[in-house]
Amino acid sequence: MKERNFSIYASALFLLSQISIAQQKKQPISQPLVKHIYTADPSAHVFEGKIYIYPSHDIETNVSRDADGAKFDMKDFHILSMDKIGGKVTDHGVALDLKDVPWASKQLWAPDAAYKNGTYYLFFPAKDQEGIFRIGVATSKKPSGPFKAEKKPIEGSFSIDPAVFKDSDGSYYMYFGGIWGGQLQRWKTGKYEENGALQKSNEKALLPKIAKLSSDLKSFSESPKDIQILDEQGNLLLEGNNDKRFFEAAWMHKYRGKYYFSYSTGDTHFISYATGDSPYGPFTYKGVVLNPVEGWTNHHSIVEVKGKWYLFYHDVQISGQTHLRNVKVTELHHNPDGTIQTISAYK
């Protein structure tokens, strides 16, 4: 009997130790930038010597959850700023409200921002009156807004997650797209098809899009093009390579003359990256920027601040619910060969 009791006791201790180890593994490496509102999908930029973050504004909603993301029923944007990494974060209030976007009906999803010639631009996806995602643009004289939306979305735009990159020659490019709820699969023929199907696992993965912007940043100067993401052998990734292929959340940064296209793999929850020699690609898959975070989604931005690089991302530390997220930041490191050191959001 004593042996049995000791065995039970030892088993209990082992179980407790495993729970303790699991809890330790889930200790976050960074804390939410703000806790008074829920924020996600942070696009970070340095404007006027300060760090500005353009996130989605998550809210509680009565909309039912579905595979197309209906639960993410955001209705406005709040812009955050801070003087330095780790410094006090300011919420500048509502920068743009859904009711002030003439063409949009719902779902203000992940935005981005850019600056040119004294004007700040806010780029954002939303569903139009027919329930089709389009990409809109709004302008302001201040990086914190408020922003005034154009009366119509960008002509020829579709899908979600616009990311605008300014190259060293002064050209601006928009990267965008997202499958599943992002509707990219409905545009395979070049026009919207309500029942457009996802690729099968043995088919080539759907590709993100790029379009050069016009001089006023309010329209495309060319038709959107595919961005090829290749494996190390030079082959396009298949849908079955869903731990590497593009799903959503495009971002571009440039490091030592190389273009780094990073993105979310969606259903496998990685932030991955691929590199190339042109803003148009092709890009060769290189690895993982950020391992999966708590919550279903993973969405990021990468920005240089005073000679150091930082990854802005989100998880669900505060709420524990996928549709109520919180943005965070941590330092990002490039290796001497240009590869990125993979980040785990938890110790």
Side-chain angles (χ1 to χ4, degrees), residues 40-41 43 54 56 66-70 72-74 77 98 101 103-114 122-138 149-150 152-165 172-199 203-213 217-229 237 239 242 245-252 261-267 279-281 283 297-301:
D41 315 320
S43 294
Y54 299 82
S56 303
D66 68 7
D68 286 338
F72 298 96
D73 193 28
M74 297 86 110
F77 293 117
L98 178 65
V101 183
W103 58 269
S105 66
K106 59 183 176 179
Q107 291 176 290
L108 291 180
W109 282 13
D112 192 20
L122 183 69
F123 302 92
F124 59 94
K127 284 184 177 175
D128 64 15
Q129 302 303 324
E130 284 73 47
I132 301 172
F133 267 117
R134 305 288 184 181
I135 296 171
V137 58
E150 296 293 303
K152 296 181 179 180
I154 295 173
E155 186 175 352
S157 69
F158 53 93
S159 198
I160 60 168
D161 292 353
V164 173
F165 168 72
Y172 289 78
Y173 301 89
M174 180 183 289
Y175 299 84
F176 64 96
I179 63 174
W180 292 18
Q183 301 181 343
L184 192 58
Q185 70 277 6
R186 301 180 185 179
W187 290 92
K188 287 190 283 188
T189 64
K191 60 181 181 179
Y192 185 79
E193 295 182 352
E194 179 67 31
N195 297 316
L198 293 165
Q199 300 296 87
E203 294 179 325
K204 291 176 182 177
L206 289 174
L207 298 172
K209 305 295 182 182
I210 180 175
K212 190 173 184 179
L213 292 172
L217 305 191
K218 293 181 180 180
S219 61
F220 294 154
S221 66
E222 61 184 3
S223 298
K225 297 175 171 59
D226 286 340
I227 300 170
Q228 292 189 337
I229 304 175
L237 296 173
E239 174 60 26
N242 62 335
R245 64 89 171 90
F246 172 83
F247 187 103
E248 62 185 1
W251 187 261
M252 174 62 68
F261 180 72
S262 49
Y263 55 92
S264 171
T265 61
D267 55 340
Y280 290 96
F283 297 98
T297 66
N298 208 352
H299 196 125
H300 72 301
S301 59

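The CZ atom of Phe72 sits 14.5 Å away from the CG atom of Leu108 when rounded to the nearest 0.5 Å. With rounding to the nearest 0.5 Å, the separation of OG1 in Thr265 from CG in Leu237 is 11.0 Å. Atom CG of Asp128 and atom CD of Gln107 lie 11.5 Å apart (nearest 0.5 Å). Between the NZ atom in Lys127 and the CG atom in Asp73 there is a gap of 9.0 Å [rounded to 0.5 Å]. Between atom CH2 of residue Trp251 and atom OG of residue Ser264 there is a gap of 15.0 Å, rounded to the nearest 0.5 Å. The distance from atom CZ of Phe220 to atom CG of Leu213, rounded to the nearest 0.5 Å, is 6.5 Å.
In this pair, Trp180 and Phe247 present their aromatic rings perpendicular. The plane angle is above 60°, beyond the 30 to 60° band. In this structure, Tyr263 and Phe246 have tilted ring planes: the angle between them lies in the 30° to 60° band.
Here the shortest heavy-atom pairing between Ala205 and Arg245 reads CB-CB, 3.7 Å. Scanning both residues, Phe123 and Ala114, for their nearest heavy atoms gives CE1-CB, 3.9 Å. Nearest heavy-atom pair, Glu239 versus Gln199, reported as atom, atom and distance to 0.1 Å: CG-O, 3.5 Å. Here the shortest heavy-atom pairing between Asn298 and Ala249 reads O-CB, 4.2 Å. The minimum heavy-atom distance linking Ala250 with Ala163 is given by the pair O-CB, 3.2 Å. Nearest heavy-atom pair, Ala110 versus His299, reported as atom, atom and distance to 0.1 Å: CB-CE1, 3.5 Å.
Counting heavy atoms from C-beta outward, Pro162 and Val137 have side chains that stay 4.5 Å or more apart. By the 4.5 Å heavy-atom criterion applied to side chains, Lys152 and Arg134 are not counted as neighbours. For the pair Trp109/Asp41, no side-chain contact is recorded, criterion being any heavy-atom separation below 4.5 Å from C-beta on. Side-chain contact between Phe176 and Ser157 is absent, with no heavy-atom pair separated by less than 4.5 Å. At least one side-chain heavy atom of Met174 sits less than 4.5 Å from a side-chain heavy atom of Ile154. With contacts defined as side-chain heavy-atom distances shorter than 4.5 Å, the pair Ile227/Leu207 does not qualify. Looking at heavy atoms from C-beta onward, Arg186 lies out of side-chain contact with Phe133 at the 4.5 angstrom threshold.
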Going through the distances and angles, do Tyr173 and Met252 end up as a side-chain contact (heavy atoms from CB on, under 4.5 Å)?
CA-CA 10 Å; Tyr173 301 89; Met252 174 62 68; over 6 Å; no
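Residue Glu155 qualifies as open at atom CD: its count of foreign heavy atoms under 6.0 Å is 12 or below. No more than 12 heavy atoms of other residues, nucleotides or ligands shown are found within 6.0 angstrom of NZ on Lys106.
A donor-acceptor pair under 3.5 Å is absent between the side-chain atoms of Asp112 and the main chain of Ser43, judged by distance alone. Under a 3.5 Å cut-off, the side chain of Ser159 and the backbone N or O of Gly178 do form a donor-acceptor pair.
By the ring pair (Phe, Tyr, Trp, His ring centres under 6.0 Å) test, Tyr54 pairs with no residue at all, sequence neighbours left out.
Lys209 has no carboxylate O lying under 4.0 Å from a charged side-chain N of Asp161, or vice versa, which leaves the two without a salt bridge.
Checked against the 6.0 Å centroid criterion, the rings of Trp187 and Tyr192 qualify as a close aromatic pair.
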